[in-house]
Amino acid sequence: MIELEQARHHLEELGLGQAAQSLDAILEAASRSQSTYLSFLNELLEAELQERQRRNVEVRMKLAHLPYRRTLQEFDFSFQPGIDERLIRELAGLTFIGRQENVLFLGPPGVGKTHLAIALAMEAIGQGLPVYFVSLAQLVNDLRKAYEENRLDKRMRVYLRPRLLIVDEVGYLPLDPLAANLFFQLVSARYEKGSMILTSNKSFGEWGELMGDPVLATAVLDRLLHHCHVVNIRGNSYRLKDKVKTGIYSTPGTQVGQFYSGAGGSNEFRR
């Protein structure tokens with residue numbers, strides 16, 4: 001027992017807290033199975049590594065500012081059959097981040113745009129990639145404040161540093177000239193240097209009105225779409241599906257398929 005306590009103390013002194021905590025259980029299991037010394041050592045180190053990876057993921061999750069956690073396994077592809085599941089699984093491989101490509105999820109509210117964006121973010125975080133999530137309203141308000149305080153360059157680096165930047169809810173509120181220009185500066189600075197995922201309820205033809213300047217909107221889209229995967233979701237709201245079934249809520253008269261027809265095909269890639 002003295003040797004056991006000494007071993008646990010040494011592990012703790014070396015900063016191997018999880019190995020120290022797991023020592024008794026792993027030692028007992030090794031004794032029952034008559035494991036080799038090398039097998040016992042590997043199991044002890046594996047317990048430590050798994051705990052460190054878990055803690056690292058938790059830290060990266062907090063730094064990413066995700067509003068909640070969603071995975072691809074939780075996404076109901078059967079409810080949105082228009083989505084190319086193969087493409088989404090391919091994006092989850094994260095090669096688009098290595099190639100500094102973007103992803104745009106388009107569609108009406110509730111169809112799963114943010115869920116998919118967060119699911120891809122969680123895949124990236126699990127692979128150790130820096131991720132940051134922000135709504136467009138939060139983004140431009142933050143950059144506006146930095147601009148007014150003459151520290152825009154420093155604050156802009158917060159949004160340039162992550163390998164993957166997610167900008168949610170593009171189109172829910174119109175942008176004034178300063179906000180539109182700040183958004184353009186960010187998109188331009190990340191162009192071919194870092195990947196972005198954007199979610200929007202507006203077709204590309206409406207971005208001129210959104211930004212209050214068709215020329216500036218064209219410049220933004222030109223950079224976003226140059227290397228981009230576009231996923232156009234034409235389904236109904238997942239959040240309201242139960243109410244639609246019971247007749248409490250009926251789909252508005254405008255056909256979302258027609259409304260978003262200006263956004264291109266359901267899945268599109270531009271180089």
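Comment: D176 engages R144 in a salt bridge, judged by a side-chain N to carboxylate O separation of less than 4.0 angstrom. Between K193 and E101, no side-chain nitrogen of the basic residue sits less than 4.0 Å from a carboxylate oxygen of the acidic one, so the salt-bridge criterion is not met. A salt bridge links R55 to E51: at least one charged side-chain nitrogen sits closer than 4.0 Å to a carboxylate oxygen.
Between L44 and L11 the shortest side-chain heavy-atom distance falls below 4.5 Å. Residues Y132 and R161 fail the side-chain proximity criterion, which asks for heavy atoms closer than 4.5 Å. Residues L186 and L139 have side chains in contact (heavy-atom distance under 4.5 Å, counting atoms from C-beta outward). Taking 4.5 Å as the limit, some side-chain heavy atom of F204 sits within range of a side-chain heavy atom of L225. In this structure, M61 and R69 have side chains that are in contact, with non-hydrogen atoms separated by less than 4.5 Å. Side-chain contact between F75 and R70 is absent, with no heavy-atom pair separated by less than 4.5 Å. Between D84 and V231 there is no side-chain heavy-atom pair separated by less than 4.5 Å. Side-chain contact between L175 and D213: absent, with no pair of heavy atoms (C-beta onward) separated by less than 4.5 Å.
For K113 (side chain) and S200 (main-chain N/O), no donor-acceptor pair under 3.5 Å exists by modelled atom type. Looking only at distances, no side-chain donor or acceptor of R151 sits under 3.5 Å from a matching main-chain atom of Y147. Put simply, the side chain of H65 gets close to the backbone of L63: a donor and an acceptor are under 3.5 Å apart. The backbone N or O of T71 lies less than 3.5 Å from a partner atom in the side chain of E74, making a donor-acceptor pair. N141 places a side-chain N or O within 3.5 Å of a backbone atom of A137 that can act as its donor or acceptor partner. For the pair S31 (side chain) and L27 (backbone), a donor-acceptor distance under 3.5 Å is absent. Formation of a donor-acceptor pair under 3.5 Å by the R8 side chain with backbone atoms of L23 is not found in this model. With hydrogens and angles disregarded, a donor-acceptor distance shorter than 3.5 Å links the side chain of N102 to the backbone of M196. S35 places no side-chain N or O within donor-acceptor distance of the main-chain N or O of F40, the cut-off being under 3.5 Å. In this structure, H226 contributes its side chain and L221 its backbone to no donor-acceptor pair below 3.5 Å.
A donor and an acceptor atom, one from each side chain of S135 and Q138, are located under 3.5 Å apart. A donor atom on one side chain and an acceptor atom on the other are found under 3.5 Å apart for T114 and D168. A donor-acceptor contact closer than 3.5 angstrom is absent between the side chains of Q185 and S188. Side-chain polar atoms of Q127 and E123 form no donor-acceptor pair below 3.5 angstrom. Side-chain contact of H227 with Q100: a donor-acceptor pair under 3.5 Å is absent, judged by distance alone.
Listed here is the closest heavy atom pair of T199 and E169: OG1-N, 2.9 Å. Across all non-hydrogen atoms, the minimal contact from A117 to I197 is CB-CG2, 3.7 Å. Smallest separation of non-hydrogen atoms from C228 and L104: SG-CD1, 3.4 Å. Closest heavy-atom contact between V140 and L182: O-CD1, 4.3 Å. When all heavy atoms of I166 and A121 are compared, the closest pair comes out as CD1-CB, 3.4 Å. Closest approach of I118 and P67 over heavy atoms only: CD1-CG, 3.8 Å.
In this structure, L210 CG and F183 CZ are separated by 8.0 Å, a value rounded to the nearest 0.5 Å. Note that CD1 of I233 and CG of L106 are 8.5 Å apart. Values are rounded to the nearest 0.5 Å.
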**OP:** Kindly determine whether E58 and K62 satisfy salt bridge (Lys or Arg N to Asp or Glu O under 4.0 Å), including the steps that lead there.
**Re:** CA-CA 6 Å; E58 286 300 315; K62 291 180 181 178; 5.9 Å; no

**OP:** Dump the intermediate steps for side chain to side chain contact (heavy atoms under 4.5 Å, CB included) on E43 and E46, then the final yes or no.
**Re:** CA-CA 5 Å; E43 286 191 41; E46 182 66 24; 5.5 Å; no

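Hydrophobic clustering (ILVMFWY, side-chain heavy atoms < 4.5 Å, transitive): L94 and F133 are in one cluster.
Here the rule is side-chain contact (heavy atoms from CB on, under 4.5 Å) with V131, and of L165, I125, I97 only I125 fits it. If you run side-chain contact (heavy atoms from CB on, under 4.5 Å) between F105 and each of V111, I83, L116, only L116 comes through.
With a 6.0 Å cutoff to the six-membered ring centre and a 45° limit on the axis angle, R157 does not count as a cation-pi contact of Y159.
Other residues, nucleotides and ligands contribute over 12 non-hydrogen atoms within 6.0 Å of the CD atom of E149. More than 12 heavy atoms of other residues, nucleotides or ligands shown are found within 6.0 angstrom of CD on E148. Counting non-hydrogen atoms of other residues, nucleotides and ligands closer than 6.0 Å to CD of E209 gives a total of 12 or fewer.
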